[in-house]
Amino acid sequence: MGRPSQPLLSRAIIARAALELLNEQGPDALKMRALADRLGVRGASLYHHVASKDDLLDAASELLNDEIDLGPLQDPQWRRGVAEYARGYRRVYLRHPHMIALVARRRVEADRALRGYDALLGTLVRAGCTPAGAAEAAAALDYLVLGSALETFTAGFTRTPDDYRPRYPALADSLAGADTLPGGLAALDDRGFELGLRLLLDGLAAGPAATA
């Protein structure tokens, strides 16, 4: 049997290539022509599977949603389950940080994404939140996860702690102290995320703000 005249395409293959292009070159590189060149096909071939660049972003988002494990939200210990879900959600976007700016203000339409929010909100209600409180908690969790995946606090400070003295003594002391903790300064972003997550879950466990 002869080989196909051009590479086989599918919506998932195109979306995966788009994610690879984004990871390697950033959002400005994501153009249909560049994507077709990467896949070794004519640009028109892409439109048999994705209708537009917006549709391409939807397809890429679908792949990321498939990577987010919803299993932890079934944990009978809601706090442990939400924490593990949040960590897994963050790991996905740490692998694909350029997607955050592209999808952050888009409508949530994909079934997998909607099921994810439904599962999270159901867990929060079972934990004692009112439906309105659950929505606020889910929004706060989104801000924490996506913000921490997009921004790196640590990379903003490239000098040694002592190099910030004497003009910025509190900054120097804080960076020096952070460097003594597990993982040193390199793990500060992860520790900051864990602190934010712990504070959020503590607030939910306390009850009044989430259930009033």
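Computation of the quantities below employed the complete heavy-atom set of this structure, encompassing side-chain atoms and omitting hydrogens, waters and symmetry-equivalent molecules. All residue numbers in this chain count up from 1 along the given sequence.
- Among all heavy-atom pairs drawn from C129 and A134, the shortest one is CB-N, 3.7 Å.
- Hydrophobic clustering of Ile, Leu, Val, Met, Phe, Trp and Tyr side chains at less than 4.5 Å, counting indirect connections, keeps V145 apart from L199.
- Ring geometry for Y164 versus Y168: interplanar angle over 60°, hence perpendicular rather than tilted (30 to 60°).
- Between L144 and G196 the shortest heavy-atom distance is CD2-C, 3.7 Å.
- When hydrophobic clusters are built by joining Ile, Leu, Val, Met, Phe, Trp and Tyr residues whose side-chain heavy atoms come closer than 4.5 Å, directly or via intermediates, L114 is grouped together with V103.
- Comment: R198 does not engage D202 in a salt bridge, judged by the lack of any side-chain N to carboxylate O separation of less than 4.0 angstrom.
- A donor-acceptor pair under 3.5 Å is absent between the side-chain atoms of D189 and the main chain of T152, judged by distance alone.
- For the pair M32 and V50, the minimum side-chain heavy-atom distance is below 4.5 Å.
- Residues R112 and L70 meet the side-chain proximity criterion, which asks for heavy atoms closer than 4.5 Å.
- A distance of 10.5 Å separates CG in L121 from CZ in R126, rounded to the nearest 0.5 Å.
- Note that NE2 of H98 is 9.5 Å distant from CG of D28, once rounded to the nearest 0.5 Å.
- For residues 165-177, the set of pairs meeting the salt bridge (charged side-chain N to carboxylate O under 4.0 Å, His left out) definition, not counting sequence neighbours, comprises D162-R165, R165-D173.
- Y143 and V108 end up in different hydrophobic clusters when Ile, Leu, Val, Met, Phe, Trp and Tyr side chains are linked at under 4.5 Å.
- Between A60 and A15, the shortest heavy-atom contact is N-CB, 3.8 Å.
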Evaluate R87 against E84 for salt bridge (Lys or Arg N to Asp or Glu O under 4.0 Å), listing each step before the verdict. CA-CA 5 Å; R87 292 178 186 122; E84 284 305 306; 2.5 Å; yes

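- Across all their heavy atoms, F193 and S148 have their closest contact at CD1-OG, 3.4 Å.
- Put simply, the side chain of R191 never gets that close to the backbone of L185: no donor and acceptor are under 3.5 Å apart.
- In this structure, CZ on R16 lies 5.0 Å from CG on L63, to the nearest 0.5 angstrom.
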Please assess L35 against L56 for the test side-chain contact (heavy atoms from CB on, under 4.5 Å), listing each intermediate value before the final yes or no. CA-CA 11 Å; L35 189 56; L56 172 63; 3.7 Å; yes

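- Looking only at side-chain heavy atoms (C-beta outward), E109 and D58 stay at 4.5 Å or farther from each other.
- A pairwise comparison of heavy atoms in A187 and P182 identifies CB-O, 3.8 Å as the closest pair.
- Residue F157 holds its CZ atom at 5.0 Å from CG of L171, rounded to the nearest 0.5 Å.
- Residues S61 and R106 bring no donor and acceptor atom of their side chains to less than 3.5 Å of each other.
- Hydrophobic clustering, with ILVMFWY side chains joined whenever heavy atoms are under 4.5 angstrom apart, keeps V125 apart from L141.
- With values rounded to the nearest 0.5 angstrom, H96 atom NE2 is found 5.0 Å from L64 atom CG.
- Atoms CG and CG, on L94 and L150 in that order, are 10.0 Å from each other to the nearest 0.5 Å.
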Does the pair R11 and D55 meet the rule for a side-chain contact (heavy atoms from CB on, under 4.5 Å), with working shown? CA-CA 10 Å; R11 184 177 176 86; D55 192 32; 3.0 Å; yes

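- The side-chain heavy atoms of Y85 and T123, taken from C-beta on, include no pair separated by under 4.5 Å.
- Put simply, the side chain of N23 does not reach to within 4.5 Å of the side chain of E20, judged on heavy atoms.
- Using a 4.5 Å heavy-atom threshold, the side chains of L57 and L30 count as touching.
- Linking Ile, Leu, Val, Met, Phe, Trp and Tyr whenever their side-chain heavy atoms come within less than 4.5 Å puts Y89 and L197 in one cluster.
- Side-chain contact between L22 and L102: present, with at least one pair of heavy atoms (C-beta onward) separated by less than 4.5 Å.
- Of all the heavy atoms in A34 and A29, the pair that sits closest is CB-O, 3.7 Å.
- Side chains of R90 and D190 form a contact here, defined as non-hydrogen atoms less than 4.5 Å apart.
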